[in-house]
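What follows is a single structure, written as structure tokens, with notes after it.
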Amino acid sequence: MALVNKIIPFSCIDGPGNRTSIFFQGCNFKCSYCHNPETINKCVNCGKCVAVCPVNALEIKDKKVVWDDKKCVACDACIRECKHLSTPKTKDYSVDELFEEIKQVAPFIEGITVSGGEATLNADFLTDLFRKVKDELGLTCFVDTNGSIDLSQYEEFVKLTDKFMIDVKSMDEEEHLKVTGLNNHTVIKNLKYLLDLDKVYEIRTVIAPNLNNENTVREASKIIKDKCKYKFNIYRHYGVRKEGLDFHGSDSPSEEEINKCYKIYEENIL
Ligand code: SF4
Ligand code: SF4
């Protein structure tokens with residue numbers, strides 16, 4: 001079983017073509033600029049969000065919070081109430097159940113993309129899902145990851161994944177620790193490992209205030225070269241929790257700073 005935060009049946013921003021995007025609940029990073037921090041932790045069933053639901057879509061049954069998606073009006077009052085960076089609006093899926101959801105939209109999509117939270121925390125589950133999706137539906141399978149799980153340990157999973165999209169949060173170890181809560185050793189190892197296998201669709205870096213963006217872009221570009229796309233995601237304060245706002249502020253980086261990063265990228269991919 002794996003805990004799913006949401007499924008977007010049709011997305012054109014999560015890899016090539018029209019794709020079904022599946023967001024898993026739970027992440028081992030706690031990024032300061034995360035814009036969907038409610039996906040970071042799994043619910044601990046404290047029950048505090050139940051009372052704020054205006055349509056009684058939440059209740060406690062056998063000491064667990066149960067969410068009724070038919071009653072829910074998606075007001076997100078429960079998420080605002082949760083102090084645990086979580087949400088009661090998740091659902092446990094078996095591989096077969098998730099496969100059935102994908103099968104319903106299969107004629108209209110080019111593939112699936114798993115994201116999060118951190119999807120690779122469910123690597124064994126995904127191995128089984130991808131095998132079934134490829135064998136029975138012939139769809140491509142992409143993984144959007146923070147690169148924190150050593151993927152050389154999951155050979156079959158990597159084999160079944162068409163392409164990965166990896167975040168490089170910072171190339172500086174201390175800064176990475178400050179931004180995410182973990183060091184960047186495994187991220188860099190995965191980056192090199194997957195590039196060598198030609199398994200990378202794109203690398204992404206969030207260009208955010210009060211980070212050494214130029215160093216990250218320079219050092220990442222030296223590894224990426226021209227082997228895949230390198231995308232800059234520009235920091236926006238929407239959805240960012242208070243600690244993140246204290247760290248990065250409310251303004252997005254200037255056009256001048258973004259252009260500087262782009263120039264550094266160009267100078268270092270050759
Ligand atoms: S998002 Fe849904 S479950 Fe949460 S408080 Fe609003 S109606 Fe209730
Ligand atoms: S979602 Fe948050 S507030 Fe609601 S029960 Fe779970 S941990 Fe508690």
Side-chain angles (χ1 to χ4, degrees), residues 1-27 34-43 53 55 57-58 65-80 82 85-146 157 160-167 199-202 204 229 231 233 236 238-239:
M1 301 294 279
L3 197 61
V4 171
N5 175 285
K6 71 172 167 237
I7 300 172
I8 299 180
F10 306 114
S11 165
C12 57
I13 56 164
D14 294 305
N18 194 17
R19 316 188 69 79
T20 293
S21 295
I22 303 158
F23 295 82
F24 288 82
Q25 182 71 21
C27 187
C34 182
H35 61 267
N36 50 3
E38 74 279 6
T39 63
I40 292 176
N41 291 320
K42 291 184 180 174
C43 170
C53 178
V55 292
L58 299 171
V65 172
V66 179
W67 171 56
D68 184 339
D69 60 343
K70 305 225 167 30
K71 282 190 191 169
C72 178
V73 293
C75 70
D76 284 351
C78 50
I79 291 172
R80 287 191 292 278
C82 181
L85 303 178
S86 189
T87 167
K89 299 192 288 175
T90 55
K91 201 175 158 194
D92 248 326
Y93 279 90
S94 66
V95 168
D96 287 343
E97 285 165 342
L98 200 46
F99 176 81
E100 284 307 314
E101 298 273 351
I102 298 162
K103 197 174 161 189
Q104 283 179 28
V105 293
F108 312 107
I109 57 172
E110 184 171 327
I112 64 167
T113 297
V114 296
S115 184
E118 176 48 36
T120 65
L121 294 172
N122 307 284
D124 292 331
F125 177 95
L126 292 176
T127 306
D128 294 341
L129 179 71
F130 284 7
R131 192 181 295 114
K132 204 166 161 61
V133 165
K134 293 177 98 69
D135 287 353
E136 297 181 36
L137 303 174
L139 297 172
T140 57
C141 298
F142 277 51
V143 177
D144 175 353
T145 178
N146 64 21
F157 171 55
L160 288 163
T161 302
D162 290 273
K163 293 277 181 183
F164 289 83
M165 296 175 274
I166 314 172
D167 295 341
K199 283 278 184 179
V200 184
Y201 177 70
E202 70 183 19
R204 288 92 58 96
K229 280 193 282 185
K231 184 169 156 192
N233 286 330
R236 307 258 182 266
Y238 305 107

If you compare all heavy atoms of A74 against all heavy atoms of C72, which two are closest, and at what distance to 0.1 Å? N-SG, 3.2 Å

Go through the steps for I22 and Y93 under the test side chain to side chain contact (heavy atoms under 4.5 Å, CB included), then give the verdict. CA-CA 11 Å; I22 303 158; Y93 279 90; over 6 Å; no

A side-chain contact here means heavy atoms from C-beta on lying under 4.5 Å apart; do C141 and T161 qualify? no

So which atom in A2 and which in F24 form the shortest heavy-atom distance, rounded to 0.1 Å? CB-CE2, 3.7 Å

Can you find a pair of side-chain heavy atoms, one from F125 and one from V114, that are under 4.5 Å apart? no

Under a 3.5 Å distance rule, please check whether E110 uses its side chain to pair with a backbone N or O of L139 as donor and acceptor. no

Can you name the salt bridge (charged side-chain N to carboxylate O under 4.0 Å, His left out) partners of D167, sequence neighbours left out? K169, R204

Main-chain N/O of K91 paired to Q25 side chain as donor or acceptor, under 3.5 Å: no

So salt bridge (Lys or Arg N to Asp or Glu O under 4.0 Å) across residues 122-132, not counting sequence neighbours, yields D96-K132, D128-R131, R131-E156, K132-E136

Pair L160, L126 - check side chain to side chain contact (heavy atoms under 4.5 Å, CB included), show working. CA-CA 9 Å; L160 288 163; L126 292 176; over 6 Å; no

Run the salt bridge (charged side-chain N to carboxylate O under 4.0 Å, His left out) test against K231 and tell me which residues pass, sequence neighbours left out. E202

Side chain to side chain contact (heavy atoms under 4.5 Å, CB included), paired with T20, selected from D14, T113, I112: I112

Suppose we screen for ring pair (Phe, Tyr, Trp, His ring centres under 6.0 Å). Which residues come up paired with Y201, at least two apart in sequence or across chains? F142

Which residues satisfy the salt bridge (charged side-chain N to carboxylate O under 4.0 Å, His left out) test with D68, sequence neighbours excluded? none

Going by heavy atoms in the side chains, are L129 and I102 under 4.5 Å from each other? yes

Of I13, T140, I109, V105, the one forming a side chain to side chain contact (heavy atoms under 4.5 Å, CB included) with R19 is T140

Verdict with supporting geometry, C53 and C78, side chain to side chain contact (heavy atoms under 4.5 Å, CB included): CA-CA 6 Å; C53 178; C78 50; 5.9 Å; no

For E118, the side-chain contact (heavy atoms from CB on, under 4.5 Å) test, sequence neighbours excluded, returns C27, N28, T120, L121, T145, N146, S148

Establish, yes or no, whether the cationic atom of K199 lies under 6.0 Å from the six-membered ring centre of F164 and within 45° of the ring axis. no

Going through the distances and angles, do L137 and K103 end up as a side chain to side chain contact (heavy atoms under 4.5 Å, CB included)? CA-CA 7 Å; L137 303 174; K103 197 174 161 189; 4.0 Å; yes

